[in-house]
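To start, the structure itself, in structure tokens.
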Amino acid sequence: MEGTMQGDDLAAIAEKHQGSRRKYCLRTCMSAGCMSSRADAIKKGLDAEVKAQGLEGEVEVRRVGCMGFCGLGPLVGLDGMKEREILFEHVTPEDAPAIIRAVQAKDHGLQVADPDHPFFSKQMRVVRANGGIIDPERIEDYVAANGYRALYHVLTDIRPAEVVEEITRSGLRGRGGAGFPTGLKWGTVAKSPGARKFVVCNGDEGDPGAYMDRSILESDPHLVLEGMAIAAYAVGADQGFLYVRAEYPLAISRLQTAIRQAKQLGLLGGGIFETPFTFNVDIRIGAGAFVCGEETALMASVEGRRGTPRPRPPFPAERGLWGCPTLINNVETFANIVPIINRGAAWYAGIGTERSKGTKVFALTGKVQNNGLIEVPMGITLRQIVEEMGGGAIGGAKVKAVQTGGPSGGCIPAEYLDTSVDYESLTKLGSIMGSGGMVVMDDSTNMVEIARFYMDFCRDESCGKCIPCRAGTVQMFELLEKILSRKATARDIAMLEELCDLVKHTSLCGLGQTAPNPVLSTLRFFRNEYTELLQPEPAGECAASGQ
Amino acid sequence: MAAKTLKIDGRQVSAAEDTTVLDAAAEAGIRIPTLCHLEGVYDAGACRLCLVEVAGTAKLLPACTTLVAEGMEVVTQSDRLRRYRRMTLELLLAERNHVCAVCVANGHCELQSLASEHGIDHVRYDYRFPRWGVDATHPRFGLDHNRCILCTRCVRVCWHIEGAGTKNVAGRGAKSFIIDDLNQPWGDSESCTSCGKCVLACPTGALFDRGSTVGEMERDRTKLEFIVNAREKKQWIVSE
Amino acid sequence: MDRLRIATAWFGGCAGCHMSFLDLDEFLIELAGKADLVFSPVIDVKEYPENVDVCLVEGAICNHDNLELLHRIRKRTKVLVSFGDCAVTGNVPAIRNQLGPRNVENVLQCAYIDNAQDNPRLPRSEGIVPELLERVRPVHEIVPVEVFLPGCPPSAGKIKELLERVLAGLPPRVDGDEPRFG
Amino acid sequence: MTAHASGDKRFKILEAHIKKFQARQDALIEVLHKAQELFGYLEDDLLLFVAHRLKLPPSRVYGVATFYHFFCLKPQGAHTCVVCLGTACYVKGSAKVLAAAEAAAGIKSGETTPDSQLSLLTARCIGACAIAPAVVYDGQVAAKQTPEMVLAQLEKWREPCKATT
């Protein structure tokens with residue numbers, strides 16, 4: 001049964017929920033990363049220990065989403081202590097008694113993370129504000145954290161055009177990689193005529209080395225749902241689709257829970273907050289195709305077809321799902337909507353750089369000391385991220401390059417670490433912001449091998465529709481193999497560059513158009529690693545080959 | 001319907017507003033090379049041979065799916081476009097096993113003719129020599145995957161003209177291939193009506209009438225246009 | 001002017017390109033007046049000579065003998081012409097490449113065992129029958145090539161056009177028609 | 001009417017799932033997910049069943065089933081070992097982990113052992129980058145894997161079946 005909801009009801013839920021809080025709270029990370037290290041057993045152990053000690057009235061053991069510092073996982077946070085929160089790292093189920101001792105302010109002897117570490121202190125948590133704090137499987141937790149207030153405010157106080165205007169003013173740009181201005185996109189969909197309109201959340205986080213969207217969906221699913229609902233109101237849509245990769249089963253199950261709970265409370269469905277606004281969301285599960293991150297391919301997949309892209313224009317904003325105007329935004333983009341509505345466009349536009357506003361979540365991984373998810377204001381330098389927050393390369397090695405943007409991005413060499421992290425600066429270096437993967441490579445990394453790794457990926461993930469991408473990536477991969485096996489000559493490098501040019505400029509969709517980037521960027525910054533592997537040209541009396 | 005005036009290769013052209021650049025150019029006698037385009041079925045924009053330069057647009061646009069616009073300036077021939085087209089054709093020639101000398105379509109093959117037109121006298125890329133089979137189970141037609149360029153013309157005519165939906169693309173990337181029904185022998189297909197439109201649509205020797213030998217596979221493409229005009233416009237136009 | 005030194009070589013191919021060469025008819029007489037044919041399957045010369053001006057190479061490179069001779073030709077020839085589809089694309093001889101890795105093993109198995117009508121046996125005569133290469137290759141994948149003359153076979157007219165240009169001391173190439181495979 | 005001539009109850013469950021989507025053709029991928037969950041893999045008969053129920057041409061169903069890597073048309077082994085080859089895992093040595101698994105199992109990734117005990121697979125990125133290299137054993141993600149650890153797991157799977165034979 002679906003309930004009806006008013007603004008006061010939200011407050012009541014929040015109040016009631018606050019009332020049920022205990023003095024101490026043990027937040028147990030139950031995101032995919034920590035779950036792999038038996039986080040569920042840890043929670044069970046804590047529950048049992050609390051019970052055994054008769055502390056149910058004082059201690060709440062809460063399942064929470066990702067706390068970010070995944071490299072130190074499993075993590076358990078302890079709130080309610082006199083001083084500040086304690087964050088236990090590398091927790092095992094056997095640590096439960098020791099953790100309870102810590103609650104009792106006794107000696108616990110466990111490893112504790114330093115909350116003043118730059119990994120935490122340099123973060124600015126806007127999108128991930130609730131991550132690691134609330135229970136993602138309880139809507140009351142989200143409501144108590146001011147959830148669904150923005151939707152209420154929008155539905156009852158603001159006209160759709162004003163919502164679009166607010167998002168435009170905030171300067172938010174698409175977090176999926178390309179950085180298209182979100183407000184402009186919303187405006188186009190809002191203005192496109194159509195009997196029906198759709199909102200699609202792109203959760204097909206396919207870049208290898210990236211898991212920001214997974215983390216957001218697992219840690220704060222309602223934030224994304226609320227953002228989608230606000231978008232739907234702004235553009236005039238009544239149906240949303242959340243496209244999530246099958247590789248993220250936990251995210252899928254939490255979203256299912258979230259949708260069910262939101263429907264029960266009347267926060268999704270018909271007549272939300274007793275307004276005429278109706279919005280339903282269906283989950284569509286991807287099935288393992290990187291190309292489905294491209295919006296036209298994603299639409300084909302939502303429609304149950306082979307996920308092949310089609311030429312744009314027409315853009316989805318004009319003709320999308322089933323020919324109707326369709327708004328497609330990435331998970332993180334939708335997750336930014338609620339904070340913008342709650343705190344205002346001006347506040348948001350005050351964060352970041354001139355043209356890149358707000359924060360960005362990155363998955364800092366690879367050969368870096370501190371692995372994990374970070375949310376930082378745009379304009380921070382790569383050096384601050386990699387060296388200060390990340391603690392530099394593992395084991396005293398030197399950082400050689402930072403890869404951003406996955407298979408569509410490039411490798412930025414260490415000498416450019418002072419580059420500001422914003423859309424334009426990264427593009428200038430032949431990389432892209434991308435969805436937020438940031439893989440650190442140390443001096444033991446062979447950059448030609450990295451180029452081959454990405455080309456192998458693109459070759460495998462090419463949908464096969466257009467010739468340059470389908471056949472070009474195969475030939476580029478073969479050339480890279482030839483170079484790595486020391487059989488190539490300078491002419492092969494020339495052929496490789498020529499193919500990069502072709503595939504970049506003639507492929508049908510973004511996958512092909514960006515597939516050469518890892519090769520181009522490694523050729524640009526690490527060319528010597530290629531040339532070292534070359535053979536002399538084969539001798540011929542008449543060396544000039546006819547072309 | 002409003003007419004749009006545009007320039008194609010420096011020539012003033014006017015065309016109805018929902019005309020594609022490809023059609024507008026053809027109307028003006030300017031030929032843009034194509035492979036996946038086929039009169040009568042919707043365009044896929046997949047072969048990328050008809051890419052043209054449009055002033056004010058950084059990206060190259062496929063002429064087959066780009067609509068004319070007022071004041072548009074289109075360039076269909078440039079050194080860059082010619083180079084790209086040549087490379088694209090070379091990639092196709094290297095992708096599967098195109099042995100023109102022993103092909104039923106020798107002399108009537110669009111890939112062969114385009115390669116010739118673009119001055120391709122050798123292929124610089126590594127020939128892939130993949131192993132693909134031949135389906136000769138249908139009593140009247142054959143499908144040689146070695147000669148297939150995945151233009152999907154056969155799939156589109158099967159779905160959109162005949163309506164049978166027998167053919168489709170399976171797999172993905174370089175491993176994509178044309179199937180009948182559940183990837184079963186064509187001869188066992190329950191949905192195939194044996195209408196032969198796919199054979200008429202094929203630009204190469206991949207689909208052929210059984211019994212044809214080298215160079216014998218000529219196709220009368222006007223038949224497809226005839227059927228489409230008859231079905232959609234109720235006009236029975238017999239070409240002279 | 002010195003007489004031109006012309007050669008032709010025959011690798012993995014059907015000799016059809018050489019037939020087309022012989023189709024030059026009376027131009028052959030004109031050619032004989034201005035050039036020497038210093039190496040060719042149609043004359044009895046065992047060793048590829050030095051200082052060859054033009055060599056028409058027919059056929060794909062299929063075995064170690066082909067490979068060795070091709071390298072010698074390249075060293076001793078100014079203008080190497082990849083002559084006909086087999087030389088240019090691999091054509092029919094290269095169809096065996098589809099048999100994949102362990103190609104030689106597979107192709108011999110296929111030809112001499114699986115499809116043998118009687119007495120299935122692998123041929124073995126070391127030092128007499130040259131070893132097959134793992135992969136049949138077009139000429140330009142192995143050595144640089146100056147002129148490509150595709151066709152199966154290239155027409156006598158095209159061969160004539162090329163040789164006329166060479167005889168006239170012009171840069172070797174074929175203008176005339178567009179090149180065509182098949 | 002029974003869902004399927006075989007009388008296999010799983011078809012009935014699948015049919016109920018199809019009804020949940022009102023047999024909408026755009027639900028094809030969801031239906032295939034369910035079918036694979038129920039049957040383990042998608043054999044021709046099953047694909048045909050789906051095609052008929054959604055009133056789609058079989059070529060469409062087959063085209064979709066083979067486009068997405070998640071769907072498998074061949075039976076999988078009793079155990080599955082998925083080595084993540086995402087970038088973070090790759091730079092931390094997942095290729096070595098995979099090589100060790102391949103050598104130990106005597107199969108290549110994407111294959112199943114002849115005794116149908118083990119399927120070895122790779123993933124493009126499972127989003128467990130901070131605990132790279134990650135391997136998924138029968139659906140459970142394992143962190144920071146080494147060749148030794150993957151070998152130990154494969155050995156563990158092998159033991160009970162040794163015991164029964």
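So that the names make sense, note that chain A is the first sequence line, chain B the second, and so on, each numbered from 1.
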Q: Check whether any side-chain heavy atom of C:R135 sits under 4.5 Å from a side-chain heavy atom of B:F129, and report yes or no.
A: yes
Q. B:C109, B:A115, B:A101: which one forms the most heavy-atom pairs within less than 4.5 Å of chain C?
A. B:A101
Q. Is it the case that more than 12 heavy atoms not belonging to B:D79 sit under 6.0 Å from its CG atom?
A. no
Q) When rounded to the nearest 0.5 angstrom, what is the spacing between CD in C:E178 and CD in B:E117? A) 6.0 Å
Q. With a 4.5 Å heavy-atom cut-off, do C:I95 and B:N97 have their side chains touching?
A. no
(Q) Can you confirm whether C:Q98 sits close enough to B:N146 that some side-chain heavy atom of one is under 4.5 Å from a side-chain heavy atom of the other? (A) yes
Q: Give, as side chain, backbone, both or neither, the part of B:D126 having an atom under 4.5 angstrom from any heavy atom of chain C.
A: both
Q: Could you tell me which of B:V123, B:V102, B:V214 has the largest number of non-hydrogen atom pairs under 4.5 Å with chain C?
A: B:V123
Q: Might you point out which heavy atoms bring B:D121 and C:P150 nearest each other, and give the distance in Å?
A: O-CG, 3.8 Å
Q) What is the minimum heavy-atom distance between C:G182 and B:C100, and which atoms define it? A) CA-CB, 3.5 Å
Q | Interchain contact, B:I120 with chain C, by part (heavy-atom threshold 4.5 Å) | A | both
**Q.** Contact origin within C:P153 toward chain B - heavy atom pairs under 4.5 Å
**A.** neither
Q. Hey, is CD on C:E134 packed in by over 12 heavy atoms from elsewhere, all under 6.0 Å?
A. yes
Q: Count the heavy atoms of every other residue, nucleotide or ligand shown that sit under 6.0 Å from CD of B:E39, and state whether that count exceeds 12.
A: yes
Q: Check the angle between the aromatic planes of B:H122 and C:H140 and answer parallel, tilted or perpendicular using the 30° and 60° thresholds.
A: perpendicular
Q. Which heavy atom of B:S116 sits nearest a heavy atom of C:R180, and at what distance?
A. OG-CB, 4.2 Å
Q. What closest approach, in Å, do B:Y127 and C:V88 show between heavy atoms, and which atom pair accounts for it?
A. OH-O, 4.3 Å
(Q) I need the residue from C:G151, C:P138, C:A94 with the largest number of non-hydrogen atom pairs under 4.5 Å to chain B. (A) C:A94
